[in-house]
Amino acid sequence: MSQPGTSPARGARVEARDVTRRFGNHLALAGVSLDIKPGESFGLLGANGAGKTTLIRIVSGCLLPSTGQITVDGISPASDPTRVQSRLGLVMETSRLYPELRVMAFLRFIGGARGLRGPDLGRAIDREVGRFALESVADRPIGNLSKGFQQRVSLAQGFLHDPDLVIVDEPTGGLDPVQRNDVQEILGSLGGARTVILCTHDLREAERLTTRTAVLSQGQLVAEGGTRDILGRDDVLELFRMGAETPS
């Protein structure tokens with residue numbers, strides 16, 4: 001219950017219970033359990049191949065778990081993916097953009113696909129164009145933009161329908177230092193307004209943008225807690241090497 005004079009945290013609660021995922025003989029996730037609270041900025045860390053992308057694909061309803069269950073505000077993406085996806089904003093590492101479309105046309109297309117119409121669509125586009133500082137490129141083809149601006153467009157589409165949960169996968173991969181700082185400042189300003197899951201292998205980025213963190217290694221959850229506590233450990237790099245041998 002909220003304390004008097006405070007507003008309840010906004011955002012979705014994400015719960016994972018003993019989630020396992022196999023691809024043939026490969027065990028990509030091995031009994032992962034997590035509880036991500038509403039309004040939390042949560043870091044999901046791990047080396048390449050640790051299982052981060054597999055986990056977020058299960059959260060988003062794009063992949064079924066082999067065993068176990070994930071829920072978003074009590075809704076299973078396995079049994080009701082449409083309801084989960086309606087409250088989810090997904091920004092993947094490889095921007096799924098249409099390079100031939102101009103920024104405004106792309107945002108209108110994505111907003112319409114998410115059920116926004118008329119004045120609601122116009123207000124949503126104006127809000128995200130302002131939030132991600134896209135005014136100067138709004139009428140330019142996406143393919144002609146720098147990678148930094150393309151990443152801003154990708155982020156903007158993920159927030160158009162004002163989702164309760166946003167999953168951002170490697171938001172600054174491939175950006176130069178100035179672009180990286182700009183994107184991190186924008187993401188940092190969103191804390192508390194919704195639940196954010198940040199998937200990254202950049203420890204400094206996680207420390208800057210998240211309050212709590214889980215580390216995956218070879219599909220196993222090897223650490224979970226406050227981000228500063230986890231990343232302040234003397235053996236933090238060893239966490240990324242932990243995990244049993246993958247069973248056959």
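Values reported hereafter were calculated over all heavy atoms of this structure, with side chains retained and with hydrogens, waters and symmetry mates removed. The structure displayed is predicted, hence computed values, not measured ones.
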Would you say the side chain of Leu239 lies within less than 4.5 Å of the side chain of Ile230, judging by non-hydrogen atoms?
yes

Not counting sequence neighbours, which residues clear side chain to side chain donor-acceptor pair (under 3.5 Å) with Arg131? List them please.
Glu128

My understanding is that only one of Leu90, Ile36, Val84, Val14 makes a side chain to side chain contact (heavy atoms under 4.5 Å, CB included) with Leu165; could you say which?
Val14

Nearest heavy-atom approach of Pro81 to Ser79 is CD-C, 3.6 Å

Are Val222 and Glu238 side-chain neighbours, meaning at least one heavy-atom pair lies under 4.5 Å?
no

Sidechain-backbone polar pair: Glu15 side chain, Thr71 backbone, donor-acceptor under 3.5 Å:
no

Looking at Leu216, is its backbone amide N or carbonyl O close enough to the side chain of Lys52 to form a donor-acceptor pair, meaning the two atoms are under 3.5 Å apart?
no

Might you confirm whether atom CZ of Arg228 has over 12 heavy atoms from other residues, nucleotides or ligands at distances under 6.0 Å?
no

Under the salt bridge (charged side-chain N to carboxylate O under 4.0 Å, His left out) test, residues paired with Arg123 that sit two or more places apart
Asp120

Charged N to carboxylate O below 4.0 Å: is that the case for Arg204 and Asp202?
no

Sidechain-backbone polar pair: Ser33 side chain, Asp18 backbone, donor-acceptor under 3.5 Å:
yes

If I take atom CG from residue Leu203 and atom NE2 from residue His201, how far apart are they, to the nearest 0.5 angstrom?
9.0 Å

Test your reading of the model: is there a side-chain donor-acceptor pair from Thr195 to the backbone of Gly39, 3.5 Å cut-off?
yes

Output, in order, the C-alpha distance, side-chain angles, deciding distance and verdict of side-chain contact (heavy atoms from CB on, under 4.5 Å) for Leu88 and Val72.
CA-CA 9 Å; Leu88 169 67; Val72 178; over 6 Å; no

Approximate separation, where rounding is to 0.5 Å, of Ser41 OG and Leu209 CG:
8.0 Å

Taking every non-hydrogen atom, the tightest pair across Gly158 and Pro163
O-CG, 3.4 Å

Taking atom CG of Leu34 and atom CG of Leu55, what is their separation to the nearest 0.5 Å?
6.5 Å

List the residues meeting side chain to side chain donor-acceptor pair (under 3.5 Å) with Asp162, not counting sequence neighbours, and say none if there are none.
Arg10, Arg194

In Å, rounded to the nearest 0.5 Å, how long is the span from CG of Leu231 to OG1 of Thr210?
7.0 Å

side-chain contact (heavy atoms from CB on, under 4.5 Å) evaluation trace for Leu97 with Ser154
CA-CA 7 Å; Leu97 306 175; Ser154 185; 4.3 Å; yes

Test: salt bridge (charged side-chain N to carboxylate O under 4.0 Å, His left out). Region: residues 35-44. Which pairs qualify, not counting sequence neighbours?
Arg13-Asp35, Glu40-Arg212

Side-chain contact test, heavy atoms from C-beta onward, threshold under 4.5 Å: evaluate it for Leu198 versus Glu205 and give yes or no.
yes

Using side chain to side chain donor-acceptor pair (under 3.5 Å) as the criterion, list what pairs up with Arg140, not counting sequence neighbours.
none

Tell me whether Val178 shares a hydrophobic cluster with Ile186, the cluster being built from Ile, Leu, Val, Met, Phe, Trp, Tyr side chains joined at under 4.5 Å.
no

Please give me the minimum heavy-atom distance between Gln157 and Val91, naming the atom from each residue.
NE2-CG2, 4.2 Å

Inter-residue atom distance Ile70.CD1 - Ile75.CD1, 0.5 Å rounding:
14.0 Å

Atom pairs and distances, donor-acceptor, side-chain atoms in residues 102-113, under 3.5 Å, two or more places apart:
unit_1	atom_1	unit_2	atom_2	d
Arg102	NH1	Asp139	O	2.5

Work out which heavy atom in Arg208 is nearest to a heavy atom in Asn181; give both atom names and the distance.
NH1-OD1, 3.0 Å

Kindly write out the residues that satisfy side-chain contact (heavy atoms from CB on, under 4.5 Å) with Gln179, not counting sequence neighbours, or none if the list is empty.
Ser146, Leu175, Asp176

Tell me which pairs pass ring pair (Phe, Tyr, Trp, His ring centres under 6.0 Å) where either residue lies in residues 39-72, with sequence neighbours left out.
none

Partner residues of Thr20 under the side chain to side chain donor-acceptor pair (under 3.5 Å) criterion, sequence neighbours left out
Thr67

Sequence neighbours left out, what pairs pass ring pair (Phe, Tyr, Trp, His ring centres under 6.0 Å) with at least one residue falling in residues 115-171?
Phe132-Phe159

Does the side-chain contact (heavy atoms from CB on, under 4.5 Å) test come out yes or no for Val166 and Ile197, once each step is laid out?
CA-CA 6 Å; Val166 178; Ile197 300 176; over 6 Å; no

Name every donor-acceptor pair, under 3.5 Å, that has one atom in a side chain of residues 56-66 and the other anywhere in the protein, sequence neighbours excluded.
unit_1	atom_1	unit_2	atom_2	d
Ser60	OG	Ile56	O	3.1
Ser60	OG	Arg57	O	3.1
Ser66	OG	Arg22	N	2.9

How close do Gly11 and Pro38 get, heavy atom to heavy atom, and via which atoms?
O-CB, 3.4 Å

Suppose the criterion is salt bridge (charged side-chain N to carboxylate O under 4.0 Å, His left out): which pairs have a residue in residues 66-85, not counting sequence neighbours?
Asp73-Arg87, Asp80-Arg83

Backbone N or O of Asp182 within a donor-acceptor pair of the Glu185 side chain at under 3.5 Å?
no

Which heavy atom of Cys199 sits nearest a heavy atom of Asp169, and at what distance?
CB-OD1, 3.4 Å

Hey, mind stepping through Thr172 and Leu187 against side-chain contact (heavy atoms from CB on, under 4.5 Å) and telling me if it holds?
CA-CA 11 Å; Thr172 61; Leu187 289 174; 5.7 Å; no

Backbone N/O of Pro171 and side chain of Arg180: donor-acceptor pair under 3.5 Å:
no

Just how far is it from atom OG1 of Thr200 to atom CD of Gln184, taken to the nearest 0.5 Å?
8.5 Å

